[in-house]
Amino acid sequence: MADVADRCATIDPADLAPTDDRDLLAELDERALAIRSVVAACRRATWSALHEETGNYSAVARMWGVTPQNVRQAIAAPDRPR
């Protein structure tokens with residue numbers, strides 16, 4: 001995906017405009033959202049497993065440099081926008 005984004009940066013902006021056949025920037029947006037979703041699911045599963053082991057949101061938060069509230073919210077409300 002990064003390679004495609006790098007190539008887009010060298011293309012004439014007029015050539016990136018959507019056509020009837022394709023919208024390259026929209027495709028990149030979709031890919032980015034899909035990757036974001038996979039990363040969020042992985043983070044949620046990891047934090048959830050660590051919370052089950054430690055029983056402590058603060059301990060998990062310290063490992064990632066986030067707040068205990070971030071960990072609680074990611075585990076308790078997985079569909080909540082971040």
Side-chain angles (χ1 to χ4, degrees):
M1 191 167 107
D3 292 340
V4 174
D6 287 344
R7 275 187 273 135
C8 285
T10 64
I11 296 173
D12 181 348
D15 292 336
L16 290 173
T19 65
D20 291 337
D21 298 332
R22 188 167 197 196
D23 185 345
L24 185 59
L25 296 179
E27 291 172 21
L28 283 173
D29 279 342
E30 284 180 33
R31 289 181 189 178
L33 288 172
I35 290 170
R36 170 85 171 105
S37 179
V38 169
V39 169
C42 181
R43 179 182 300 114
R44 186 171 36 262
T46 301
W47 288 1
S48 183
L50 287 169
H51 178 259
E52 287 176 17
E53 287 177 19
T54 64
N56 187 331
Y57 291 113
S58 295
V60 177
R62 277 191 301 276
M63 290 179 194
W64 265 265
V66 298
T67 67
Q69 181 181 0
N70 293 136
V71 176
R72 271 193 306 278
Q73 288 175 343
I75 293 170
D79 297 323
R80 180 179 172 269
R82 306 278 180 251

Should the pair Y57 and H51 be assigned to parallel (<30°), tilted (30 to 60°) or perpendicular (>60°) ring geometry?
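Plane angle under 30°, so parallel.
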Give me the atom names and distance for the closest heavy-atom approach of W47 to N70.
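Heavy-atom minimum between the residues: CZ3-O, 3.8 Å.
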To the nearest 0.5 Å, what is the distance between [atom1] ([X]) and [atom2] ([Y])?
| X | Y | atom1 | atom2 | result |
| --- | --- | --- | --- | --- |
| T54 | M63 | OG1 | CE | 6.5 Å |
| R44 | T46 | CZ | OG1 | 10.5 Å |
| Q73 | T67 | CD | OG1 | 7.0 Å |
| S58 | Q69 | OG | CD | 11.5 Å |

Are T10 and D6 side-chain neighbours, meaning at least one heavy-atom pair lies under 4.5 Å?
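With C-beta onward as the side chain, the pair stays apart.
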Could you go step by step and tell me if V4 and C8 meet the side-chain contact (heavy atoms from CB on, under 4.5 Å) rule?
CA-CA 6 Å; V4 174; C8 285; 4.3 Å; yes
Find out if a path of hydrophobic residues (ILVMFWY) with successive side-chain heavy-atom gaps under 4.5 Å connects L28 to V39.
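Same cluster: L28 reaches V39 through Ile, Leu, Val, Met, Phe, Trp or Tyr contacts under 4.5 Å.
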